Structures are given as structure tokens and as C-alpha cells.
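Take a look at the structure below.
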Amino acid sequence: MKTREEALAYGLTFADTYQEAPFHDANWQLIRVKPGKKAFLWTYEKDGQICLNLKCDPEWRDFWRKAYKSVLPGYHQNKEHWNTVILDGSIPDEEIKRMIAESYYLVTDSPTKRIYEAVKRIPKGKVATYAQVAAMAGNPKMCRAVGNALHKNPDFDNIPCYRVVNSKGELAGEYAFGGAWAQKELLEADGIEVIDGRVDLSRYAIDIICTA
């Protein structure tokens with residue numbers, strides 16, 4: 001990801017977002033979240049390079065800064081909670097997308113955020129169906145939203161989306177982080193038996209009543 005247009009387009013894929021140039025200066029283009037109008041993606045050109053300002057969890061702030069020279073303390077913003085990302089081609093697209101997603105979820109209390117918190121509660125050695133995750137997140141009818149959220153997981157290490165299967169216990173053929181085979185390996189590492197692409201829900205499903 002090297003252009004402002006790519007960053008803005010990705011920012012607009014998140015729910016309830018819109019683009020704005022609030023300073024009467026076309027150099028500053030923001031993506032905000034309705035209805036609170038909180039900005040999670042700031043884009044601007046500085047020293048001939050396109051930069052992004054992204055909100056970050058303090059636990060990840062220093063990790064990103066150490067991992068990439070093009071991630072700096074937030075320009076013109078609170079440096080404890082914001083990073084500046086320079087789009088110089090040195091950072092993989094997936095990492096930039098992960099940072100944008102993290103910024104989005106930090107500024108909004110959204111159904112997606114509740115979905116991630118629900119997935120975090122699936123213990124090692126257990127799985128949950130999309131419907132179960134939706135119920136844990138407060139709305140049993142948003143199974144589709146669960147699938148969409150897991151494909152944009154901003155923190156794979158702490159949000160174990162591979163522990164989510166469909167209502168038959170089947171793995172995701174389009175698992176976002178490497179395909180069904182990768183999901184199978186991760187589940188087996190948790191001690192879960194996978195046979196013909198399916199998990200036995202009677203043995204491994206979390207204990208939650210769900211009628212969806």
C-alpha cells in the first residue's frame with residue numbers, strides 16, 4: 001500500500017464510515033465513524049510522502065514502532081495513543097490494514113468490537129459456531145457480521161478466529177489466514193481433532209445455549 005487512495009478506500013470498507021476534509025485543506029483527508037464522527041484514519045502528504053495517523057493500543061504502539069522504521073510517534077497528535085505510518089513501501093499491506101483496523105475498533109464501540117471480545121473468550125481446546133459468537137456478542141442474528149469481522153481480524157495473536165466453525169462444525173474453506181488447512185493445523189495444535197474438515201461439536205463446542 002503506497003497511495004492515499006488505497007488507504008482511504010480500505011478505511012471506507014468498515015461499517016458506518018465516511019470521508020471528510022475538515023480543515024479546508026485537501027492535503028488532509030480523514031475517515032470518520034458515524035454517529036460520533038470520530039476519526040480513525042488521517043491521511044496527508046508530508047516531506048513528499050503520504051502518511052497515515054492511526055490510533056493504537058499502548059500495548060501495540062511500541063511493537064509497531066520497533067518493527068518498522070516507517071512507523072513513528074503520531075504527528076500532531078497524542079504520541080501515547082497515535083502512530084504515524086509512512087507509506088514508503090516498506091510495510092506489508094496486511095500489516096497496514098491491521099493497523100487501520102485496530103484504529104477503527106479503538107474509536108468505536110461497534111458490533112464488530114463485541115464480536116472480537118466474544119472470540120477472545122473461546123478457550124483453548126474449544127470451538128464456537130458463528131451463531132454462538134453472535135449470541136455472545138449480543139445479537140444472535142448477526143452471523144454474517146461474525147464472518148465479515150473475522151476476515152478483518154486486526155490482532156490474530158489475541159483474537160483466535162480459527163476457533164470459529166459453522167453450524168455443522170465445518171472449517172472455513174476461505175479461512176482468512178491461510179485456508180482450511182491452516183485452520184486445521186491451528187485447531188489440532190489446540191488438541192482438537194479434525195476429521196474430513198469437520199470438528200465434532202458434541203465434544204468441542206463451548207457450553208452456551210444458542211437457538212439461532
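These numbers were taken from a predicted model, which means no experiment stands behind them. Numbers here are sequence positions counted from 1. Below, each value reflects all heavy atoms present in this structure, side chains not excepted, and no hydrogens, waters or symmetry copies.
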Where the side chain of [X] meets the backbone of [Y], is there a donor-acceptor pair that is under 3.5 Å apart?
X    : Y    : value
E95  : W64  : no
T17  : F14  : yes
Q132 : T129 : yes
R61  : E80  : yes
Y68  : F63  : no
N27  : E45  : yes
Y104 : A15  : yes
S70  : S90  : no
R4   : T43  : yes
E170 : S167 : no

Q) What's the spacing between C161 SG and L150 CG if we round to 0.5 Å? A) 5.5 Å
Q. CD1/I31 to OH/Y10 distance, rounded to the nearest 0.5 angstrom?
A. 12.5 Å
Does some side-chain heavy atom of [Y] sit less than 4.5 Å from a side-chain heavy atom of [X]?
X    : Y    : result
D16  : T108 : no
R65  : N83  : yes
Y130 : N166 : yes
V199 : E193 : no
M99  : C56  : no
N148 : T112 : no
Q19  : Q29  : yes
Y162 : L187 : yes

Path from [X] to [Y] over hydrophobic side-chain contacts below 4.5 Å:
X    : Y    : value
L8   : L54  : yes
Y18  : L41  : no
L72  : I91  : no
L106 : I100 : no

Q: Share the residues that join W28 in a hydrophobic cluster, the rule being Ile, Leu, Val, Met, Phe, Trp or Tyr side chains under 4.5 Å apart at the heavy-atom level.
A: F23, L30, W42, Y44, Y75, W82
Q.
Under the criterion salt bridge (Lys or Arg N to Asp or Glu O under 4.0 Å), I'd like the reasoning laid out for E6 against K2: C-alpha separation, chi angles, the key distance, then a yes or no.
A. CA-CA 7 Å; E6 288 177 290; K2 295 183 180 180; over 6 Å; no
Where do [X] and [Y] come nearest, in terms of heavy atoms and distance?
X    : Y    : answer
P123 : I206 : CD-CG2, 3.9 Å
P73  : T84  : O-OG1, 3.6 Å
L87  : T3   : CD1-O, 3.6 Å
I86  : C51  : CG1-SG, 4.1 Å
M142 : I115 : CE-CG1, 4.0 Å
R98  : N153 : NE-O, 4.0 Å

(Q) Within the supplied structure, the quantity of interest is the number of heavy atoms (other residues, nucleotides, ligands) at a distance under 6.0 Å from K79 NZ; does it exceed 12? (A) yes
Q | D157 atom CG: more than 12 heavy-atom contacts under 6.0 Å | A | yes
Q: List the steps, then state whether salt bridge (Lys or Arg N to Asp or Glu O under 4.0 Å) holds for R163 with D190.
A: CA-CA 9 Å; R163 293 175 184 164; D190 275 0; 2.8 Å; yes
Q: Apply side-chain contact (heavy atoms from CB on, under 4.5 Å) to the pair R198 and L171, showing each step before the final yes or no.
A: CA-CA 6 Å; R198 181 179 295 181; L171 309 192; over 6 Å; no
Q) Would W60 and D155 count as a side-chain contact (heavy atoms from CB on, under 4.5 Å) if you check the C-alpha gap in whole Å, the side-chain angles of each, and the deciding distance to 0.1 Å? A) CA-CA 10 Å; W60 281 90; D155 185 4; 3.0 Å; yes
(Q) As a quick check of understanding, evaluate side-chain contact (heavy atoms from CB on, under 4.5 Å) for L52 and I96, giving each step before the final call. (A) CA-CA 10 Å; L52 315 178; I96 296 173; 4.1 Å; yes
Q) salt bridge (Lys or Arg N to Asp or Glu O under 4.0 Å) between K120 and E117: does it pass, once the steps are laid out? A) CA-CA 5 Å; K120 287 180 182 179; E117 291 304 315; 3.2 Å; yes
Q: Output, in order, the C-alpha distance, side-chain angles, deciding distance and verdict of side-chain hydrogen bond (donor to acceptor under 3.5 Å, both in side chains) for K152 and T13.
A: CA-CA 10 Å; K152 292 183 177 179; T13 65; 3.0 Å; yes
Q. Could you walk me through whether K37 and E20 pass the salt bridge (Lys or Arg N to Asp or Glu O under 4.0 Å) check?
A. CA-CA 10 Å; K37 299 183 179 181; E20 184 182 33; over 6 Å; no
Q: Could you please spell out the steps behind the side-chain contact (heavy atoms from CB on, under 4.5 Å) verdict for V127 and I122?
A: CA-CA 7 Å; V127 298; I122 305 172; 5.5 Å; no
